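What you see is a predicted model, and the numbers here were worked out from it, not measured in a lab. We number each residue from 1, following the sequence as shown.
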Amino acid sequence: MSSMIGAWRSFGQDASVVKQKVKPGTTKRTLTFAAPYLGLLSIYLLVVIVDASIGIVNPLIYRRIINNGILQGNASLIVHFAIIVAVLGIFDGALGMTQTYFSSRIGAGIVLSLRTRLFEHIQQMPLAFFTRTQTGALVSRLNNDVGGARTAFTDILSNVVGNLITVVLILGAMFVLSWRITLAALILLPLFVLPARFWGRKLQAITRESYDLSSAMNNLMVERFNVAGALLAKLFGRREDEGKSFEEKASRVSDIGVKQALYGRLFFTALIVTATCASALAYGWGGVLAVRRVLDVGTVVALVAYLARLYAPLLGLSNVQVSVMTALVSFERVFEILDLPPMIRERADAQPIPPGPAEIVFDHVAFRYPSPSEVSLASLESIAVPDKRIQKTVLQDVSFEVEPGQLVALVGPSGAGKTTITHLVPRLYDVQAGAISINGLDVRDAKLDSLRDRIGVVTQDAHLFHDTIRANLVYARAGATDDQIWAALRDAQIAGLIESLPDKLETLVGERGYRFSGGEKQRIAIARLLLKAPDIVILDEATAHLDSESEAAIQRALETALAGRTSIVIAHRLSTILKADQILVVQNGTIVQRGTHNELLTQSGIYSELYHRQLAMPRAAGE
């Protein structure tokens, strides 16, 4: 039965895969992942050979039972060989389980190695990689392609290798018994293979459509079931229309499932009919030859038994090219990502950031965002419209210093380059010209762990994982004690709320932290930063879009977070940076003004205009 399933699965694979060209060396590279399992592979092949040999022995025993037992009236010999057949059957079943274990063990080990390397490699990708690629495409590579590689690799082990040995041994035994009947039985094979290929093409089309419809159905569920999508659907959606839309997609998937089941049954039925016809041929022709004393009865029975074992593995081998190419293409799609070099790399001679209070220096920095070809793959952006725009320079000749313990604020219109400046400090991107240094060490020469250990960031939309409060906090500092966690929560002005919750630190925050308000999420994010205790703090409009009460609580938390730390703050509300040691006004990627609040107010320019505009807004609202 397993050989029949393997044969059907190979015909269900996309035959067009054989037309694809894989890169030179893909086969050799694929085999390197199997190298650690050479010992298990050797044992597996030995088990396959023994199992196939047992399949050869049984029909020969049937022959002896009939010729030397039944026809000779030797009851003891019949019982003796019957016991041997039973023992061999049990042993054959055990060998089948052993084969499954070894093939699955080898396949699982290869996939584990491949999936782990892929995950680690993706984590090294720069932020630009994730801004361009589709999350679903990445997940597909980790799940579908890696899983497909495992399935194809396991099929090659369990079906191709096993079937090849089985077919060779069976055909050899059959030709020895009767080459005429053997050739006649083989003539029937094309009568089944050709229709099977036709059904396979039909199944491939159905399978592709099934994947597309399942993807559309899953996408509809994901978009409607996440918090933001559910809110939008409740406010603007039409429940009945969406229900009908989902029912149509689900109904089509259901119909295709029925078709797949029917094609599967048709395949197995046709295989059984073909084997039955071959058996009828063997019995008819062989029986006539037995009557004429050309063949003995036992040989006829043995030939029929061999035929019952022959067609499924022979059919599987007829489609072996598809199985091999499917495996290679799956591996190549994984290698495609592994071969994409991370733009941000740690140099071999990288040094840790020098200890002591942190000083940040921007020295004539110029920067442009990388082009798609530099950071991504077209196959990971298949739905996205290709970006053909020329990448322009975002920052030009940016120079400033942040002394240890100072607070420097960045202000300016949207799109001026403020967030880009903050992204360059933890080296989320590399500059094209100039340099950024911390304590005199260029960040490109620093160890990445050392660099990011010294920096803490709170963004405008603080992200929380769908996990407990504790898990979200210790993400910044593994091994933090409860005392340290509660101290950070108190300093972040959020401890009272957490203590009031039934599960306290074990409370689930919900998807993206939606169980908490915007101000509460920000304070949890600040607590996470305080728990990390970095030397450098970066705030990207952390108080924007909050009500006055939440803003006041966060301001108190930030006073603790910023105390004694070197800080860069992007300010949306200028009232939050009045005490900044230096304010930098950014416009079109350059610093057009710098100074303290009082100094900038005395100058005509963007800052004074922004300040007076914001100052006038509350007054206008009060009127």
Validation row: [X], [Y] side chains within 4.5 angstrom (heavy atoms):
X	Y	result
Phe362	Ile421	yes
Trp486	Ile498	yes
Leu451	Ile438	yes
Leu505	Thr468	no
Asn439	Pro355	no
Ile360	Ile536	yes
Tyr607	His597	yes
Val509	Asp467	no

Heavy-atom closest pair, residues [X] and [Y]:
X	Y	result
Ile353	Arg454	CG2-NH1, 3.2 Å
Val443	Val425	CG1-O, 3.9 Å
Arg523	Ile494	CB-CB, 4.0 Å
Ala358	Asp535	CB-CB, 4.2 Å
Phe465	Asn472	N-OD1, 2.7 Å
Leu531	Ala488	N-CB, 4.0 Å

In plain terms, say whether [X] and [Y] are close enough for a salt bridge, that is, a side-chain N and a carboxylate O under 4.0 Å apart.
X	Y	result
Arg347	Asp445	yes
Asp449	Arg452	no
Asp453	Lys532	no
Glu499	Lys504	no

Is the backbone of [Y] close enough, under 3.5 Å, to the side chain of [X] for a donor and an acceptor to pair up by distance?
X	Y	result
Arg594	Val585	no
Ser450	Leu448	no
Glu599	Thr596	yes
Gln351	Asp349	yes
Glu506	Asp503	no
Thr116	Leu112	yes

(request) Begin with the C-alpha distance, continue with both residues' side-chain angles, and end with the deciding distance and a verdict on salt bridge (charged side-chain N to carboxylate O under 4.0 Å, His left out) for Asp540 and Lys418. (result) CA-CA 9 Å; Asp540 188 352; Lys418 304 185 298 296; over 6 Å; no
(request) Give the intermediate values and the outcome of side-chain contact (heavy atoms from CB on, under 4.5 Å) for residues Leu424 and Val365. (result) CA-CA 10 Å; Leu424 296 178; Val365 167; 4.0 Å; yes
(message) Could you go through Leu489 and Leu497, starting from their C-alpha distance and side-chain angles, then the distance that decides it, and tell me whether this counts as side-chain contact (heavy atoms from CB on, under 4.5 Å)?
(response) CA-CA 10 Å; Leu489 290 171; Leu497 173 66; over 6 Å; no
Kindly compute the distance separating [atom1] ([X]) from [atom2] ([Y]), expressed to the nearest 0.5 Å.
X	Y	atom1	atom2	result
Arg470	Thr507	CZ	OG1	10.5 Å
Ile485	Leu530	CD1	CG	13.0 Å
Leu473	Leu529	CG	CG	11.5 Å
Thr422	Leu539	OG1	CG	10.0 Å
Glu403	Gln582	CD	CD	9.0 Å
Gln406	Thr566	CD	OG1	8.0 Å

(request) Report yes or no: do Asp442 and Ser437 form a side-chain donor-acceptor pair below 3.5 Å? (result) no
(request) Indicate whether the side chain of Tyr369 and that of Thr420 have a donor and an acceptor atom separated by less than 3.5 Å. (result) yes
(message) Which residues pass the salt bridge (Lys or Arg N to Asp or Glu O under 4.0 Å) test with Arg490, not counting sequence neighbours?
(response) none
(message) Is it true that, when you exclude Phe400 itself, more than 12 heavy atoms of the residues, nucleotides or ligands shown sit nearer than 6.0 Å to its CZ?
(response) yes
(request) Begin from the C-alpha positions of Arg444 and Val431 and carry the test side-chain contact (heavy atoms from CB on, under 4.5 Å) through to its verdict. (result) CA-CA 9 Å; Arg444 290 169 294 187; Val431 301; 3.6 Å; yes
(message) Set out, in order, the CA-CA distance, both residues' side-chain angles and the distance that settles side-chain contact (heavy atoms from CB on, under 4.5 Å) for Asp397 and Thr590, then state yes or no.
(response) CA-CA 7 Å; Asp397 197 28; Thr590 60; 5.8 Å; no
